[in-house]
Engineer: 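This is the structure I have questions about; it appears just below.
Any value given below was found using the heavy atoms of this structure, including those in side chains, with hydrogens, waters and symmetry copies removed.
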Amino acid sequence: DNIIYMYGGVMRSGHVSKELWSFNMSSRMWGKETVTRGRCLGALCGELRCAGHTATLVENRMMIIFGHSPQFGFLDTVQEYHFGTREWSIIETNGYPVKGGYGHSAVFDKSTKKIFVYGGYVSLSSTASQLSSSLYA
């Protein structure tokens, strides 16, 4: 496709974005993507304003893991953008309960079909965080 996607982050003004942009490397043109609302998780509906998250490509989906939101604070949520349907969803996860965080790294392992999330800052409270060396899958 020769397209790079960029989601959210902090704007020059300090505003935290929830926009999804695409950059076509062939034409060298930016375009703002139009998304539709998919599944919600309780009161949380995507796309969420966040920064410090990771965006990991899994087949035809982009998985947005954690981050920090001006509205919700440290996020322990996983958002999903489906490239085919352009739907943005908050997905339910299971397993070990993780603390919300930002500034971590994430990678998809095709052989195990898992996303590994390492490090970053995790929440201690609504206003405090600490550096983590935990690895989650």
Engineer: Locate the shortest heavy-atom distance separating Val10 from Ala51; write the atom from each residue and the value.
Structural biologist: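 Residues Val10 and Ala51, closest heavy atoms: CG2-CB, 3.7 Å.
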Engineer: OG1/Thr85 to CG/Asn60 distance, rounded to the nearest 0.5 angstrom?
Structural biologist: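 These two atoms lie 8.0 Å from each other.
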Engineer: On a heavy-atom basis, which atom in Leu41 and which in Ile91 lie closest, and how many Å separate them?
Structural biologist: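 It is CD2-O, 3.9 Å.
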Engineer: Do Ile115 and Tyr136 share a hydrophobic cluster (ILVMFWY, side-chain heavy atoms under 4.5 Å, transitive)?
Structural biologist: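 In one cluster with Ile115: Tyr136, yes.
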Engineer: For a quick test of reading the model, state the closest non-hydrogen atom pair linking Leu44 to Ile90 and the distance between them.
Structural biologist: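 Closest pair (atom of Leu44, atom of Ile90, distance): O-CG1, 3.6 Å.
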Engineer: Check whether Met62 and Ile4 end up in the same hydrophobic cluster, where Ile, Leu, Val, Met, Phe, Trp and Tyr are linked by side-chain heavy atoms less than 4.5 Å apart.
Structural biologist: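 Met62 does not cluster with Ile4.
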Engineer: Tell me whether Tyr118 shares a hydrophobic cluster with Phe108, the cluster being built from Ile, Leu, Val, Met, Phe, Trp, Tyr side chains joined at under 4.5 Å.
Structural biologist: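 Shared cluster, no.
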Engineer: List in chain and number order the residues that pass side chain to side chain donor-acceptor pair (under 3.5 Å) with Arg37, two or more places apart in sequence or in another chain; answer none if no residue qualifies.
Structural biologist: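 Counting only residues at least two positions away or on another chain, Arg37 forms no side chain to side chain donor-acceptor pair (under 3.5 Å).
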Engineer: Measuring from atom CD of Glu59 to atom NE2 of His82, what distance do you get when rounded to the nearest 0.5 angstrom?
Structural biologist: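 Glu59 CD to His82 NE2: 9.0 Å, rounded to 0.5 Å.
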Engineer: Would you say the side chain of Phe83 lies within less than 4.5 Å of the side chain of Leu57, judging by non-hydrogen atoms?
Structural biologist: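 In contact.
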Engineer: Rounded to the nearest 0.5 Å, how far apart are OG1 of Thr36 and CH2 of Trp88?
Structural biologist: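 Thr36 OG1 to Trp88 CH2: 11.0 Å, rounded to 0.5 Å.
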Engineer: Between Gln79 and Leu48 (side chain of the first, backbone of the second, donor and acceptor by atom type, cut-off under 3.5 Å), is there such a pair?
Structural biologist: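 Side chain of Gln79 to backbone of Leu48, a donor-acceptor pair under 3.5 Å: yes, one is there.
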Engineer: For the backbone of Gln71 and the side chain of Ser69, can you confirm whether one donor and one acceptor N or O come within less than 3.5 Å of each other?
Structural biologist: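 Here the side-chain-to-backbone pair exists.
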Engineer: Are any of the side-chain heavy atoms of Gln130 and Lys99 separated by less than 4.5 Å?
Structural biologist: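 When only atoms from C-beta onward are counted, Lys99 and Gln130 do not touch, as no gap falls below 4.5 Å.
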Engineer: Measure up the His68 and Tyr102 rings against each other and bin them: parallel (under 30°), tilted (30 to 60°), perpendicular (over 60°).
Structural biologist: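 If you compare the ring of His68 with that of Tyr102, the planes turn out perpendicular.
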Engineer: Inspect the surroundings of OH in Tyr7 and state if more than 12 heavy atoms from other residues, nucleotides or ligands are less than 6.0 Å away.
Structural biologist: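 Counting other residues, nucleotides and ligands, OH of Tyr7 exceeds 12 neighbours.
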Engineer: Look at the rings of His104 and Phe66 and say which category their plane angle falls in: under 30° parallel, 30 to 60° tilted, over 60° perpendicular.
Structural biologist: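 Answer is perpendicular, since the angle exceeds 60°.
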Engineer: Could you state the interatomic distance from CD1 (Ile64) to NZ (Lys18), rounded to the nearest 0.5 Å?
Structural biologist: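 Spacing of CD1 (Ile64) from NZ (Lys18) equals 14.0 Å.
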Engineer: Could Arg39 and Glu80 be called an ion pair, given the rule that one side-chain N must be under 4.0 Å from one carboxylate O?
Structural biologist: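 Between Glu80 and Arg39 there is a salt bridge, with a charged N closer than 4.0 Å to a carboxylate O.
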Engineer: Tell me the closest heavy-atom pair linking Ser89 and Gly38, and the distance in Å.
Structural biologist: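 Taking Ser89 first and Gly38 second, the nearest heavy atoms are OG-CA, 3.4 Å.
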Engineer: Please report the closest heavy-atom contact between Val117 and Ala106, naming both atoms and the distance.
Structural biologist: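 Looking at all heavy atoms of both residues, the closest pair is CG2-CB, 4.2 Å.
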Engineer: Quick check on Met6: does its CE atom have over 12 non-hydrogen neighbours (other residues, nucleotides or ligands) under 6.0 Å away?
Structural biologist: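 Yes, enclosed.
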Engineer: Identify each donor-acceptor pair in which a side-chain atom of residues 25-35 lies under 3.5 Å from a protein atom, sequence neighbours left out, and give them as a table.
Structural biologist:
{"unit_1": "Ser26", "atom_1": "OG", "unit_2": "Asn2", "atom_2": "ND2", "d": "3.3"}
{"unit_1": "Glu33", "atom_1": "OE1", "unit_2": "Arg86", "atom_2": "NH1", "d": "2.9"}
{"unit_1": "Glu33", "atom_1": "OE2", "unit_2": "Ser22", "atom_2": "OG", "d": "2.6"}

Engineer: Over all heavy atoms of both residues, which pair between Ser129 and Phe74 is shortest? Give the atoms and the distance, please.
Structural biologist: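 What the structure gives for the nearest pair is CB-CZ, 3.7 Å.
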Engineer: A side-chain contact here means heavy atoms from C-beta on lying under 4.5 Å apart; do Leu20 and Tyr5 qualify?
Structural biologist: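 Leu20 reaches Tyr5 side chain to side chain.
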